[in-house]
Amino acid sequence: MHIELLKPHTHAGQHLAAGDRLELNEASARWLIAKGVARPVTPDAQTPAPSLKPSRRDGSAVAATSTGD
């Protein structure tokens, strides 16, 4: 389960700050949530959105072509 810490916390000997995100087993994650130390987050929220930059300098997209081989 993915969580985001709401308070500083030490996990496996590592000091973590509020806002840090980690993946834990369900029981550990639920325990931290119940204690008010963390909140659940979706895995998608952890991954930055892909870049929407154009693939060519002139701003046009490059289309993949098939050679029919």
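All values reported here derive from a predicted model rather than from experimental measurement.
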### Query
Just wondering, do P40 and M1 contact through their side chains at under 4.5 Å, heavy atoms?
yes

### Message
With a 4.5 Å cut-off on side-chain heavy atoms, are I3 and V41 touching?
### Response
no

### Query
Does a side-chain heavy-atom distance below 4.5 Å link L32 with H11?
no

### Query
Can you tell me how far the CD atom of E4 sits from the OG1 atom of T42, to the nearest 0.5 Å?
10.5 Å

### salt bridge (Lys or Arg N to Asp or Glu O under 4.0 Å) contacts in which one or both residues fall within residues 5-17, not counting sequence neighbours
none

### Test side chain to side chain contact (heavy atoms under 4.5 Å, CB included) applied to L6 - qualifying residues, sequence neighbours left out
R39

With a 3.5 Å cut-off and sequence neighbours excluded, list the donor-acceptor pairs that the side chains of residues 13-20 form with protein atoms.
| residue | atom | partner | partner atom | Å |
| --- | --- | --- | --- | --- |
| H15 | ND1 | T10 | OG1 | 3.0 |
| D20 | OD2 | A17 | N | 2.8 |

